[in-house]
Q: 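Can you keep this structure in mind? I'll have questions shortly.
It should be emphasised that the depicted structure is a prediction, and the values quoted were computed from it without experimental measurement. Indexing begins at 1, ligand by ligand and atom by atom, following the structure's order.
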Amino acid sequence: SDLSHIRNFCIIAHIDHGKSTLADRILQLTGAVEERKMKEQLLDDMDLERERGITIKAHPVSMNYKAKDGKTYQFNLIDTPGHVDFSYEVSRSLQACEGAILVVDAAQGVEAQTVSNTYLAEEQNLAIFPVLNKIELPNAQPEVVAQQIEDLLAIEASDCLTVSAKTGQGIAEVLEAVVARIPPPKPGVDSSARGLVFDSKYDAFRGVVVYLRLFSGSLKPGEKVRMMGSEMDYEIKEVGIFAPDPTPVKELKEGSVGYVIANIKDASEIQIGDTMTSARHPAATPLPGFKEIHPMVFAGIYPIETSDYEKLGKSLDKLKLNDAAFTYQAESSVALGFGFRCGFLGLLHMEIVQERLRREFDLDIIASYPNVIYRVNLKSGETLEVDNPTMLPDVMQVQSMEEPFIKATIITPTDCLGDMMQLIMEKRGEITHTDSIDAQRVMLTCDLPLNEVLIDFYDRLKSISRGYASMDYEYADYRESDLVKMDILIHSEPVDAFSAIVHRSKAVYRGRQMCASLKDVIPRQAFSVAIQAALGGKIIARETIRAYRKDVTAKCYGGDISRKRKLLERQKEGKKKMKSIGKVNIPQEAFIAVLKTK
Ligand code: GDP
Ligand code: MG
């Protein structure tokens, strides 16, 4: 079939450089969305995305473009997230495309994710063309930024287009450049259907919706298809494209991007990266899948109401379908009851998953302290992987411990370089390279323990640089480290949800911090309560909550009965949301507050 009219591309950029806005303009100019239906950030359809102004999921959309050469082209555009935690979404989208528009804010210049996303696109051999955005801003410096792109990314400065996604200036040229600079799909090796599953979504009415890029052959309703990895067969009910809403078509053709609905009931049946083929004429070999991704950060997620346990399990199952990087398995905690150990790519990813559970699945949940995976080398010669402090074997059995390190790229203004280096040192990091970008900015390459980055590294980096520094990282290796388990005891009871594995040099500081924030959130009880941090049997920090006799009805002078009853009811309501640790009642908010503020 003729593929010369198809262009599959994505937009990559550092966060806030204008990917979604550019996508909006492209949709508008090609007439994919009627003027009256146009709203800002059209593709960020998740509430959470709209509120936070960030793209979390990759969004595919198809449109027709009538070019200056008189021909009509089919554009398949995939908008991608920019945040480091979601780079797996980016690399998946890239694999479904032949080209990428690299958007760079002409006022801000090249940032950390500009660099990392360009590398990802180059790894996939995509045609990349740079677009300088926001040129209508008075402080835009398109020439300077074009030179940065040439110096740092080895993409010729003269290749840059200049646009304003806000005013629409230059967008028509971008559309022409998509036609001219991005190659059409290569024809498939044969005519057997091969669709790369790059995403999927669960629909309550129609089951699993599979997002795919068809590299060869075609798919039609009524056909029997097979998932090559799981070897499961299904009958196609509907195929369609995103225009931008899911729109059924008669046939999905070679080279295009679209969706398949095939009576797939269970979320877990679809593996992202699997190849969909025809069951009658299966392809000889599957498409190369995606690089497997491994979660780096682990935390327990527990229902606040014990009776929600099953619902939580089912929700996680559905969420996983839409989020390939997320993992979970059942676990239990003395303090929190039955829940799930969940794996995430980073803290933002963890926050987003929790938020989605609350909103999309209407669940009240609580998460334990996040941990990385530690390697524990035992004296017996065995090596354990531990992502939960409570699973740490007895110190007597342990020979040594290792922790994961990342390689980080940090771009920082030169005037706060000193503070930035101080922060990296404090976090036990080591700077391996410094490259100057221009007179104002420096790119630092450094090795850092992932564990330290989890806590507050990103916030500190932002505040030191007044928001101007950016960072990206990739996993590097494991290194031996002097690590200890820190327990938190409340009224002499260890609370497993608060245990943490920390570097010995940080234990006292973290112990004090933890005790102090717990003191702030645990209400006074009828007796005095000690909050302690301990390494083995040794107490390293302590706070005390003094006793307090709480008599809520005292203010009512024993007079107004109905008012008194109301108060008691309210108190009972409050109790329901408490978890008791030994004799002490701790409000849910305390767990949340403490686990959040590190
Ligand atoms: P994304 O994170 O890369 O998807 O970036 P967005 O498209 O969400 O844009 C980030 C912010 O930049 C939003 O507030 C946009 O309104 C704004 N923005 C996007 N393009 C332009 C532009 O050309 N000029 C100006 N002044 N602002 C823009
Ligand atoms: Mg966006």
Side-chain angles (χ1 to χ4, degrees), residues 9-29 32-33 38-61 77-94 97 100-118 120-121 128-146 149 153 160-175 177 244 346 348-349 351-352 411 458 462 467-472:
F9 62 99
C10 49
I11 307 180
I12 53 177
H14 188 73
I15 190 158
D16 277 349
H17 281 202
K19 286 180 301 288
S20 302
T21 313
L22 178 63
D24 285 353
R25 286 296 90 73
I26 292 177
L27 290 179
Q28 223 171 1
L29 213 66
V33 188
M38 194 67 207
K39 54 182 179 184
E40 266 179 51
Q41 313 269 323
L42 191 98
L43 297 179
D44 287 346
D45 53 4
M46 250 157 68
D47 279 352
L48 209 55
E49 294 184 314
R50 301 191 66 86
E51 256 167 52
R52 297 196 176 206
I54 57 170
T55 307
I56 296 165
K57 294 294 301 175
H59 301 276
V61 56
L77 156 65
I78 306 180
D79 186 19
T80 61
H83 190 279
V84 42
D85 282 10
F86 303 114
S87 65
Y88 64 102
E89 290 274 342
V90 180
S91 44
R92 289 215 313 268
S93 308
L94 294 176
C97 297
I101 302 178
L102 173 67
V103 176
V104 184
D105 185 323
Q108 289 203 354
V110 170
E111 293 285 2
Q113 270 98 56
T114 316
V115 179
S116 61
N117 285 331
T118 305
L120 284 176
I128 303 172
F129 73 83
V131 168
L132 306 177
N133 188 30
K134 310 196 188 181
I135 50 158
E136 94 291 353
L137 290 176
N139 58 338
Q141 297 181 294
E143 295 82 16
V144 174
V145 175
I149 289 176
L153 305 173
C160 292
L161 297 179
T162 49
V163 309
S164 166
K166 187 176 181 180
T167 66
Q169 181 189 348
I171 306 297
E173 286 75 16
V174 172
L175 296 181
L348 178 65
H349 186 209
E351 220 180 289
I352 296 293
I411 294 183
Y458 194 67
K462 282 289 176 193
Y468 287 114
S470 62
M471 95 164 218
D472 202 316

Q: Could you tell me which atoms of ligand 1, counted from 1 in the order shown, lie closer than 4.0 angstrom to a heavy atom of Leu137?
A: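 Numbered from 1, ligand 1 contributes 26 (N).
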Q: Taking the minimum heavy-atom distance to atom 11 (C) of ligand 1, which of Lys134, His17, Lys19 ranks first?
A: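 Closest candidate by heavy-atom distance is Lys134.
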Q: Please list all pairs meeting salt bridge (Lys or Arg N to Asp or Glu O under 4.0 Å) that have one or both residues in residues 128-140, counting only residues at least two apart or in different chains.
A: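 As it turns out, the salt bridge (Lys or Arg N to Asp or Glu O under 4.0 Å) pairs with a partner in residues 128-140, which skip direct neighbours, are Asp105-Lys134.
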Q: For atom 10 (C) of ligand 1, state which one of Val163, Asp16, Ile11, Asp24 supplies the nearest heavy atom.
A: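 The residue whose heavy atom sits nearest atom 10 (C) of ligand 1 is Asp16.
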Q: Answer yes or no: is there a side-chain heavy-atom contact under 4.5 Å between Ile149 and Leu132?
A: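 Yes; the side chains approach each other to less than 4.5 Å.
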Q: Taking N or O atoms only and a 3.5 Å limit, does Ala13 qualify as a polar contact for ligand 1?
A: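 No: no nitrogen or oxygen of Ala13 is under 3.5 Å from one in ligand 1.
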Q: Is Asn133 reaching over with its side chain to a backbone N or O of Val103, donor-acceptor style, under 3.5 angstrom?
A: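 No.
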Q: Give the numbers and elements of all ligand 1 atoms closer than 4.0 Å to a heavy atom of Lys166.
A: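 What qualifies from ligand 1 is 21 (C), 22 (C), 23 (O), 24 (N), 25 (C), 26 (N).
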Q: Rounded to the nearest 0.5 Å, how far apart are CD1 of Ile128 and CD1 of Ile101?
A: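 Separation between the atoms: 12.0 Å.
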Q: Check each atom of ligand 1 against the heavy atoms of Thr21 and keep those under 4.0 Å away; list them by number with element.
A: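 Answer, ordered by atom number: 6 (P), 7 (O), 9 (O), 15 (C), 19 (C), 20 (N).
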Q: Taking only residues two or more places apart in sequence, or in another chain, which ones meet Thr118 in a side-chain hydrogen bond (donor to acceptor under 3.5 Å, both in side chains)?
A: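 If we apply the side-chain hydrogen bond (donor to acceptor under 3.5 Å, both in side chains) test to Thr118, skipping adjacent residues, there are no hits.
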